[in-house]
There are 2 protein chains.
Amino acid sequence: MKIQSFKAEGLAQLSYLVSSGQFAFVVDPQLDISTYIDAATSLNVKIDCIFETHRNEDFISGAAALAQRLDIPVYHGPNADENVEYASYTSDGDKFNVGDLLVSVLETPGHTKDSICLAVSDTAISDEVIAVFTGDTLFVNDVGRTDFYPNEEHEMAGRLFESLQKLSRLPESAVIYPAHGAGSVCGGGMADREFSTIGYERRNNPKFSIKDKQRFIEEKVQETHYYAPYFEKMEKCNVKGELCTIDITSPAFIGNFDPFELSNQCYNNEIKIIDVRTKDEFCSTHIDGSLFFGEGLVSSYAGWFLKDNDKIIVVANSGEHASSTVLQLRRMGFNNVNGYIINVPVLTGDANVDKGLCSLSLTSAKAVKVHFDSNSSDWVLLDVRKQDERDSVAINGSTHVYLGHLSSSIGGFDKNVRYTVYCGSGVRATTAASVLRQAGIKTVDVMEGSMKAWQKLS
Amino acid sequence: MKIQSFKAEGLAQLSYLVSSGQFAFVVDPQLDISTYIDAATSLNVKIDCIFETHRNEDFISGAAALAQRLDIPVYHGPNADENVEYASYTSDGDKFNVGDLLVSVLETPGHTKDSICLAVSDTAISDEVIAVFTGDTLFVNDVGRTDFYPNEEHEMAGRLFESLQKLSRLPESAVIYPAHGAGSVCGGGMADREFSTIGYERRNNPKFSIKDKQRFIEEKVQETHYYAPYFEKMEKCNVKGELCTIDITSPAFIGNFDPFELSNQCYNNEIKIIDVRTKDEFCSTHIDGSLFFGEGLVSSYAGWFLKDNDKIIVVANSGEHASSTVLQLRRMGFNNVNGYIINVPVLTGDANVDKGLCSLSLTSAKAVKVHFDSNSSDWVLLDVRKQDERDSVAINGSTHVYLGHLSSSIGGFDKNVRYTVYCGSGVRATTAASVLRQAGIKTVDVMEGSMKAWQKLS
């Protein structure tokens, strides 16, 4: 028995190729299906079938595409919100043989209504379960979010509690293989440790260790999660089956460009420029009107600001960096990438030469501390962090709009006021500042070091 | 907490880089220490210390070299046969903090007297042990061999039993990280599964699951293991500390060579040619006098036939293949590789042109079945497999000499007799035939398909 795991950068989503002898199955494949086919070739195994632990909401599943390419079935849990057109349903107690492996299906609703877990034993050695694919039901140090069904939060949290009790009846020595690792939007408390067991989690996972159902439900419904607009499209795709495989050709290099023309296109919403260089590089010089998603923000935040068919240009540090960014965008269903730029011109200070380029101002924590109180009538200190971060500590007098909600709140911003944006370290604040500027709010700066710097001053 | 594992090809030895926050430790490093330094750089962690689970016998430890390069301590269990000069001793109950990790030492003698296991908890989450580095004490589906101390086999097996009981008192949900995987000479029953837990092994491991000490001892002392001559040098190296890092420069390409001259040097024992192409390629044409170690045999068998300062030439299919072969040889302490050859000339059938080249004859299983009985006075059927393979099934009338013991038994071979060699599939038989021919036994052939073909006929 061999388990090979694949981590999708940014999404922190984990998919698996599980093999025994000459046979294998895949769990929760991404759209770049050649990954699994190549891995199977390396191991000289035939992929027999695909399991989906639930209908994913944060990326396009590759199950339909992989199934079509290999002419193999996809198994999906029952009770999905809509008929999953490319899959066969499998339900509690169903068993599958793959090589020496026996795969038993456990229905584990809670995160979604169609969630399943897969308990696997290697019958060549024993009937005892040695591995459990836990999907978005159980993670290392966290459990799945239960906020996807409006007005059913309590019920879904209760169902997740029951599903976790079902998992706790498996051997405590069984190793868990979840669908996400640390960094995913599907749970904030995941540990960076990439291995764990049923027993260890049952005792030490802050949520799984709760013995009282009512307390579990109360804690779950108090969690703050966000629902990015692109999730809706993903959910539809993952019911219909997105039968095209991902376009893995690299994006085109754009060597010659006129920053002024691109800048105008940004402001006219004809294109979206996604700049993934570092925060410092972006603040120093960027194409005016471009949006900052560097330092790992593409998967978690680009989906809030892109529309389905937006024409996209990526600004990166290298072709490889551009390619990996494009892959992340495609996994989220944003396919219309026109090309990439790596040579953003330097600023000269001559407005004519610099046309279409700009920088982003930084304000020190000390300047905010000394001057903000006396200027707060025409100076807004804007906190763009998540609600739970703000609940734990915030700067007095600041206003809160979660970064993901910035576009939908833009009407409430005043073009005649100065906005200084802060977050945890200044990275998300840079994204927020770029979004505000592109929306025509021009007097925007970023609080350098944000809460980290603020707390050093206190 | 992150665990990165490194598998040394051929040896199937597993070493680990274990990190938490900005700190890390290494378990059982190989001599190519840049592997660990590079991995630590990728993770932005500082390696604080090195643990050796025991004094290894099948490869040169990289602990001394890594310790010297990074100026960090090596911790080694007590009661080693000799003073381990480069290490500090650590004993039962010692505790080490590395980042948030708490590493607890368990003395687990049995495989060797100085064997230790390391129980690790991630105190950021819990004091409960989540990972155990089990060295050569406990593998996935097997336990360590206990035959290294002449006249103490029973005692050592008994001590291993007690050590395993100590491990069984750890949480059954703890994940095990052994020092070897499937394919190692350190245990024949290892599963190809690369993950397991204390609880699963305690119930399902054929040896660990034995509850009765006496029965455990009896089963252990009945096992057949072999002790390659180079082990002795490894054991000495791993006490003194081999303070040079491995020479990782690639071997030199030998483009122009005279097969006849090389062949003469082989027969005069001036050089050893190690041919690692496939069995079929070797049988078709090779430099007369060269030894076959293709298809993965270098780590398990070359150590039986090479002497310390043998001048070695590698014959491979590509430069990469030659390089990985040289790395395997260097790990075993054979550093004197002069270069590699990839262009073995084709045979023409003209003895003058073909000087120094030869092929190796194959005999079919059917020919053996039909003719062997009536010709067995001047025709020896030679089985070179391990004792336990022969015990399970063998060809009637065949003679047994374990491949590793061939050199020391060579005096008993008759130059006037025909030898047909067999093993499981024909690979080790090809090695044996090459060894016999180089020793002057000229009428040698290989039984094609060996036991696999024989059993198809039965």
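Letters go in sequence order (proteins before strands), and every chain restarts at 1. The figures here come from the full heavy-atom set of this structure, side chains too, leaving out hydrogens, waters and symmetry mates.
- The two atoms that bring S173(B) and G199(A) nearest to each other are CB-CA, 4.0 Å, heavy atoms only.
- Other residues, nucleotides and ligands contribute more than 12 heavy atoms inside 6.0 Å of the CD atom of E162(A).
- For K456(A), the NZ atom counts as loosely surrounded, since its 6.0 Å shell holds 12 or fewer non-hydrogen atoms of other residues, nucleotides or ligands.
- Considering only heavy atoms from C-beta on, I130(A) comes within 4.5 Å of S196(B) through its side chain.
- Atom OG1 of T197(B) sits about 7.5 Å away from atom CD of E128(A), to the nearest 0.5 Å.
- Of the atoms belonging to R203(A), it is side-chain heavy atoms, and not backbone ones, that fall under 4.5 Å from chain B.
- Contact record, F195(B) with V175(A): CD1-CG2, 3.9 Å, taken as the closest heavy-atom pair.
- Heavy-atom contacts from other residues, nucleotides or ligands closer than 6.0 Å to NZ of K2(B) number 12 or fewer.
- The residue among I3(B), D122(B), I198(B) with the most heavy atom pairs within less than 4.5 Å of chain A is I3(B).
- How far OG of S126(B) is from CG of N141(A): 10.0 Å, rounded to the nearest 0.5 Å.
- The nearest pair of heavy atoms linking R193(B) to I125(A) is NH2-CD1, 3.5 Å.
- Summarising the local packing, CD of Q455(B) is surrounded by more than 12 heavy atoms from other residues, nucleotides or ligands at distances under 6.0 Å.
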